Amino acid sequence: MTDLLRAEGLSASYGASQILFDLDLALQEKRTLALLGRNGAGKSTTMKTLAGILPAQSGRILFAGRDITHAPPHARARLGLAYVPEDRQVFPEHSVEDNLLIAAKSGPEGRRDWTLQRIWDTFPLLAGLRSRQAGRLSGGEQQLLVIARALMGNPLVLLLDEPSEGLAPIVVATITKVLLELGANGATILLAEQNMHFCMRIAEEAVVIDKGKVVHRQDTAGLACNEDIRRRYLAM
């Protein structure tokens, strides 16, 4: 399979504090990859660097065959890279439907796989809330909305940062169902999470990072049985 998104020797810092150290990462087309690690391991920093929110200090990022290492976030978005941050950034005074329409655009090569009607079909909970102000939604409803809003841009890759964080189990189950459906329909997803059990149900493969470095890569079925790696790098 083709590597749709690839990071090679990626390093990144916040001021004088280096967070990522020569990180290598490869996401294959039509696959879901979990980026696992404890809080502070560098997961969100990796996602922000891939999305262009945080500049890479060294190394390079390749997306759909292009070097995007120094491309601004909006240019990466136009190429089909959609980033869903962990803090559920909605337009609170706008309705659910307006939040979706704001993000609507054709994807690369004019792709229009995701329409408003398809969003309503995929996220029936949002369909019933289409007129409600986004700021009045629950945390789980907002999480569904930001995922749906990213899809309205018809991306090639979804970067999802901690989508299950702080949510009730019933909402996590809904997000799991949505992501499984996306994967079954050929979506390419990079999923950064602390919740290993959530990821195991969705991703085919996992990369484990610790202190800004990749320390292990394995298919999720094998990782589920790898007690040593789970105890050393994933146990809370």
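Quantities reported herein were computed from a predicted structural model and do not represent experimental measurements. Note that these values count all heavy atoms, side chains included, but never hydrogens, waters or copies made by symmetry.
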- Can any side-chain N or O of Thr174 pair as donor or acceptor with the backbone N or O of Ile170 at less than 3.5 Å? yes
- Task: For the pair Asp228 and Arg231, find out whether any cationic side-chain nitrogen is under 4.0 Å from an anionic carboxylate oxygen.
- Result: yes
- Message: Taking Val215 as the starting point, is it possible to reach Leu10 by hopping between hydrophobic residues whose side chains are less than 4.5 Å apart?
- Response: no
- Please confirm whether the backbone N or O of Val96 pairs with a side-chain atom of Arg132, one donor and one acceptor, at under 3.5 Å? no
- Does a sphere of radius 6.0 Å around NZ in Lys211 hold more than 12 heavy atoms from other residues, nucleotides or ligands, not counting ones at 6.0 Å or beyond? no
- Could you name each residue pair satisfying salt bridge (Lys or Arg N to Asp or Glu O under 4.0 Å) that touches residues 74-99, not counting sequence neighbours? none
- Run the salt bridge (Lys or Arg N to Asp or Glu O under 4.0 Å) check on Arg118 and Asp121 step by step: do they pass? CA-CA 5 Å; Arg118 187 177 176 190; Asp121 293 340; over 6 Å; no
- Query: So how far is it from Leu35 CG to Cys199 SG, rounded to the nearest 0.5 Å?
  - Reply: 9.0 Å
- Message: What's the separation between atom CG in Leu79 and atom NE2 in His74, rounded to the nearest 0.5 Å?
- Response: 10.0 Å
- With no hydrogens and no angle check, is any side-chain donor or acceptor of Glu204 less than 3.5 Å from a backbone partner on Thr32? yes
- Item | Residues that Arg217 engages under salt bridge (Lys or Arg N to Asp or Glu O under 4.0 Å), provided they are two or more places apart | Glu205
- Item | Cluster check Val207, Tyr233: I/L/V/M/F/W/Y, side chain < 4.5 angstrom | no
Compile the donor-acceptor pairs under 3.5 Å between side chains in residues 176-183 and protein atoms, sequence neighbours left out, one pair per line.
unit_1, atom_1, unit_2, atom_2, d
Thr176, OG1, Val172, O, 2.8
Lys177, NZ, Glu181, OE2, 2.7

- Flag, side chain of Thr220 to backbone of Ala206, donor-acceptor distance under 3.5 Å: no
- Query: Under a single-linkage definition using a 4.5 Å side-chain heavy-atom cutoff for Ile, Leu, Val, Met, Phe, Trp and Tyr, are Leu137 and Leu101 assigned to the same hydrophobic cluster?
  - Reply: yes
Identify all side-chain donor-acceptor contacts of residues 146-153 below 3.5 Å with residues at least two apart in sequence or on another chain.
unit_1, atom_1, unit_2, atom_2, d
Arg149, NH1, Gln89, O, 3.1
Arg149, NH1, Asn99, OD1, 3.2
Arg149, NH2, Gln89, O, 2.4

- Message: Distance check, rounded to the nearest 0.5 Å: Gln57 atom CD versus Asp22 atom CG?
- Response: 10.0 Å
- Query: How many angstroms lie between OG1 in Thr122 and CH2 in Trp114, if you round to the nearest 0.5 Å?
  - Reply: 4.0 Å
- Query: How long is the gap from CG on Leu145 to CG on Leu100, to the nearest 0.5 Å?
  - Reply: 5.5 Å
- Query: Can you name the closest pair of heavy atoms from Leu234 and Gly37 and give their distance?
  - Reply: CD2-N, 3.8 Å
- If we only count heavy atoms from C-beta on, is the Leu27 to Val157 side-chain gap below 4.5 Å? yes
- Query: Got a donor-acceptor contact below 3.5 angstrom from the Asp3 side chain to the Arg6 backbone?
  - Reply: no
- Item | Single-linkage hydrophobic cluster, 4.5 Å side-chain cutoff, Leu160 and Ile175 together | yes
- Task: Walk me through it: do Leu81 and Ile68 pass the test side chain to side chain contact (heavy atoms under 4.5 Å, CB included)?
- Result: CA-CA 11 Å; Leu81 191 63; Ile68 62 167; 4.2 Å; yes
- Query: Do we see a donor-acceptor contact under 3.5 Å between the side chains of Glu193 and Ser164?
  - Reply: yes
- Donor-acceptor contact present, side-chain Arg130 to main-chain Ala127, <3.5 Å: yes
- Would Leu25 and Leu5 show up in the same hydrophobic cluster when neighbours are defined by side-chain heavy atoms closer than 4.5 Å? yes
- Judged by modelled atom types alone, do Thr188 and Glu29 share a side-chain donor-acceptor pair under 3.5 Å? no
- Heavy-atom nearest pair, Phe198 first then Pro163, reads CE2-CG, 3.9 Å
- Message: Can you tell me if Arg111 has over 12 outside heavy atoms packed within less than 6.0 Å of its CZ?
- Response: yes
- Message: Any side-chain to backbone donor/acceptor pair from Ser13 onto Ala16? Under 3.5 Å, distance only.
- Response: no
- Can you see which heavy atom on Leu125 is nearest to which on Glu141, and at what distance? CD2-CG, 4.0 Å
- Would Lys43 and Glu162 satisfy salt bridge (Lys or Arg N to Asp or Glu O under 4.0 Å), going step by step from the backbone distance to the final call? CA-CA 9 Å; Lys43 302 184 301 299; Glu162 304 275 6; 3.6 Å; yes
- Is the backbone N or O of Asp113 less than 3.5 Å from a side-chain atom of Asn154, with the two atoms forming a donor-acceptor pair by type? yes
- Hydrophobic side-chain clustering at under 4.5 Å (ILVMFWY, transitive links): who's grouped with Phe21? Put none if nobody. none
- Message: So, taking the atom named CG in Asp67 and the one named CD in Glu8, what distance separates them when rounded to the nearest 0.5 Å?
- Response: 9.0 Å
- Could you go through the side chain to side chain contact (heavy atoms under 4.5 Å, CB included) check for Leu4 and Leu156 one step at a time? CA-CA 8 Å; Leu4 191 51; Leu156 294 177; 4.2 Å; yes
Side-chain donor-acceptor pairs of residues 46-54 under 3.5 Å, sequence neighbours excluded:
unit_1, atom_1, unit_2, atom_2, d
Thr46, OG1, Gly42, O, 2.8
Thr49, OG1, Thr45, O, 2.7

- For Gly139 against Leu167, the heavy-atom pair lying closest together: C-CD2, 3.8 Å
